[in-house]
Amino acid sequence: MITLDCLGQKCPLPVIRLARAIPGVPVGEMVRVLADDPAAANDIPAWCRMKGQEFVAGDGRAFDVRRIS
Amino acid sequence: MRTGKIKSRQPDDTVPCVDYTGDPAGAAVYLDAATAAPLHPVAREAMLASLADGWADPTRLYAAGRRAQQLHEAATAVVAQILRVRPDEVSFWPSGTAAAQAAVLGGLAGRRRSGSSLVHSAIEHSAVLHAARTVEAHEVGVDRTGRLDLDAWERAVSASGVALASLISASHEVGSVQPVAAAAAYCAESGVPLFVDAAQSVGRVPVPDGWSLLSASAHKWGGPPGVGVLVVRKGVRWVSPQPQDDLYRPRPAGAPNLPSIVAAAASLRAVTDSGQSENARLSALVDRIRDRVAATVPDVEIVGDPVDRLPHLVTFSCLYVDGEALLHALDRHGFAVSSGSSCTSSTLRPSHVLEAMGVLSHGNVRVSLHSGVTGADVDRFLAVLPGLVAGIRAEVGM
């Protein structure tokens, strides 16, 4: 699983990193985004919904996204 | 149209290098009426007249004081008639925030014997949330369009120990109108008084009946800043959270700002008289913005209820865009808008309303219209926006 370390980065940077990484991820595989910006917990699931990817889990600091399309 | 001079970029630049001259690239277009609408011409006239005639303390017994008292009573009567309440149920406060907090704190204090907790929606104005933090509070969520979860509301208000419930009439951030009548009916079943923060509705759209306390804010409808309205219906227990001579009759401490109160009432009358045709005009412009932004800006989420919404307000979020950068880029082109993105807030947290809805919070823009905004202004905004969004995305390689 790819891990993107976006700790210390302000939104929208973690979402931008995620969007850039997704094309390199095989369909069905996961990406973990580490982010501590308070907007990430909201905006990473929102990105998944808008871009048709699966938001698997998030704990406020680590967010797992599965590429499904 | 004037344009900012763009200098060649230096290698160490991290921001676009545009000479900021203070001259926007285009005429100024104010699109933030939901924060403060421009002063209505009637408000200006009424304020000048009452500065001449209503400067005295209305509680004094001499002629100048009586004239001031007459103006105060006339202003109160106008507001009461438009809100369909009794004049002695209306009081004026130093701001909409002060009125809302007096409603929450005074409503809670009046129900001390029945309960101590507050039920409120997740999308209340921060003024209400700040008051809510002083007591035990139960938050009720909203759906993706920003509309109250009525089933959860019913459960929350029927719990034991609830002193007061608080529901915003329509979201100040995304415009979604709330089911006030249904929420009020559930409150009535449980004997819980309902406070409605109607700051975005009063002066624009009617508020359904059934509430016990209501607040509004004059500068949202074209009145001057510094005037809040509080209505406490007869029979509703209210106890002043502040020291004052009559603890049970709502009024703020100190002398009222009578010229502003008179101006607030006069402008409320004026906007109410022109309300329906103006609402239809602004609502059509909002529909145009909703349609064109969705069609011309890629990766954008238009948020809020598309139909059951305020007539003058629309909010959208652009993926991969820094909200502060977009706000400043629009400002350089003359457009004043608001944003719920974390980078534009004093707390550096995203808007609690956008979070409660689960919609994108970065790249967020709220456009709110008023009587001075023309179709041509909106068209120029719609022409400029896609290029600005694309430019900010290009800066980050998106």
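Each chain gets a letter, A, B and so on, in the order the sequences are listed, and its residues count up from 1.
For the pair B:R349 and A:P38, the tightest heavy-atom approach, listed with the atom from each and the gap, is NH1-CB, 3.3 Å. What you find for B:P350 and A:A39 is that their closest heavy atoms are CG-CA, 3.7 Å. Scanning all heavy atoms of the two residues, the minimum distance from A:R49 to B:G358 falls at NH2-O, 3.1 Å. A:A19 approaches B:M398 most closely through the heavy-atom pair CB-CE, 3.9 Å. Considering every non-hydrogen atom in both A:N42 and B:V359, the closest pair reads ND2-O, 2.6 Å.
The environment of CZ in B:R290 is crowded: more than 12 heavy-atom neighbours from other residues, nucleotides or ligands sit within 6.0 Å.
The contact list for residues 10-17 of chain A toward chain B, using heavy atoms and a distance under 4.5 Å, reads A:P12, A:V15, A:I16 by residue number. The contact list for residues 27-35 of chain A toward chain B, using heavy atoms and a distance under 4.5 Å, is empty.
With rounding to the nearest 0.5 angstrom, the CG atom of A:D43 is 11.5 Å from the OH atom of B:Y320. Separation of atoms CH2 (A:W47) and CG (B:L319) is listed at 8.5 Å; rounding is to 0.5 Å.
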